[in-house]
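Within every chain, numbering begins at 1; the chains are lettered A, B, ... in the order of the sequence lines, protein sequences first and strands thereafter.
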Protein chains: 2
Amino acid sequence: MERGFKVTSFLSTFVNKVDRKGRVSVPAPFRAALSEASYQGVIAYPSLADSAIDAFGRAMLEDLNQRRLDKTMADGEFEQALLGTDNMIDTIMAMAHELPFDGEGRILLPTLLAEAAGITDRAAFVGRGTRFQIWAPETFEKHQLDAVTSLRTRLRENGNGT
Amino acid sequence: MERGFKVTSFLSTFVNKVDRKGRVSVPAPFRAALSEASYQGVIAYPSLADSAIDAFGRAMLEDLNQRRLDKTMADGEFEQALLGTDNMIDTIMAMAHELPFDGEGRILLPTLLAEAAGITDRAAFVGRGTRFQIWAPETFEKHQLDAVTSLRTRLRENGNGT
DNA sequence: TGACAAACCATGAAATCCCATGATAACCCA
DNA sequence: TGGGTTATCATGGGATTTCATGGTTTGTCA
């Protein structure tokens, strides 16, 4: 499948401090994955599935909108482009924040996002392949433990982890 | 497909005050997205789908008109192109207001538009990717909550997050 | 000449930039 | 391979700029 951007990879988990001003360092490896992008920063919004923040590079966002726009335009459905029937992308656009890096590679966590994820003084950056998440460390630890346990159980029962 | 403007110009939600004269600051990030246009301001009209104001830059308007023309010409519908039968784009053009920025990046909300959206003293600027909307904050909050809730439900049922 | 809109100017709060520091990890050479 | 040196990186705080907001004055059209 043709994609308009390079597939970046986010791996592993890093816990960083949130300072008094609400700033957090994005882990250097994550920044490196985005270093070639024209926009230096990340797009973030409250995860729909977890009590966390979902994030990725701007390229991913452009791709999403481009696809939608191309589709409606190709069908001659300009009206769709104007009406914006309330689909997922529209809803996410409204919640999404553009978080540019400062000179030191930090981002400023918007209060709304921090609260949605229950983040106060520390933030866990969790790699998820093409995107990553930001959790309150304690919340993530529990979540991860549950995930691992249920995977192990399933493996033992089915001998199959898919 | 080549397009003359960036696909994702408007992101996130900003709530600003409407002063006694009916002026509101357009969020700086939105202004930045329009900064290269020759016309410094926005096009706005009452949304046909929501209780809100729909808005975008001139580039979008011209793009739409161009596309419509291309399509009708391609279909051999010259008559339509000339006569301009009453389609959605025509209807919208008739309702649309041109709202120029003042020196500080504010626009003056026409009473008609403000009333249509139920806006009084505060206005929520909601990014929708290629365009944006202006809502009464309370109305939008409800609307967004509904959208997110139904998305979450759908996610849980389908197990499909794309 | 009166009402309204546009340009102009002022201000406080918040975001951004810039520099400093300590800790850790990578490196290099004997 | 060990031990010291250097580079990277997370973190903190102060200085500076941006930005939203409010008011005043000037211009314009009915």
Handout entry: Strand contacts (DNA chain D) in residues 30-39 of chain B, 4.0 angstrom heavy-atom criterion
Key = R31(B)
Handout entry: Remaining members of the apolar cluster that contains L108(A), side-chain heavy atoms under 4.5 Å
Key = none
Completion exercise
The remaining residues in the hydrophobic cluster of F140(A), counting side-chain heavy-atom contacts under 4.5 Å among Ile, Leu, Val, Met, Phe, Trp and Tyr, are V126(A), W135(A)
Partner residues of [X] under the side-chain hydrogen bond (donor to acceptor under 3.5 Å, both in side chains) criterion, sequence neighbours left out:
X       : result
D50(A)  : Q133(A)
D102(A) : R106(A)
E141(A) : none

Practice task
Give the first and the last nucleotide of DNA chain D, reading 5' to 3', that has any atom under 4.0 Å from a heavy atom of chain A.
Solution key: dC9(D) to dG14(D)
Exercise for the section: Please work out which residues in residues 105-119 of chain A have a non-hydrogen atom less than 4.0 Å from an atom of DNA chain C and list them by number. Expected result: R106(A), L108(A)
Exercise for the section: With sequence neighbours excluded, tell me which residues meet salt bridge (Lys or Arg N to Asp or Glu O under 4.0 Å) with E138(B). Expected result: none
Exercise for the section: Measure the angle between the two terminal helix axes of the helix from dT1(C)-dA30(D) to dA30(C)-dT1(D), five base pairs each, and quote it to 10°. Expected result: 40°
Exercise for the section: Determine which pairs satisfy ring pair (Phe, Tyr, Trp, His ring centres under 6.0 Å) with at least one residue from residues 109-130 of chain B, sequence neighbours left out, and list them in order. Expected result: none
Expected list for residues 113-123 of chain A: side-chain donor-acceptor pairs under 3.5 angstrom, two or more places apart:
none

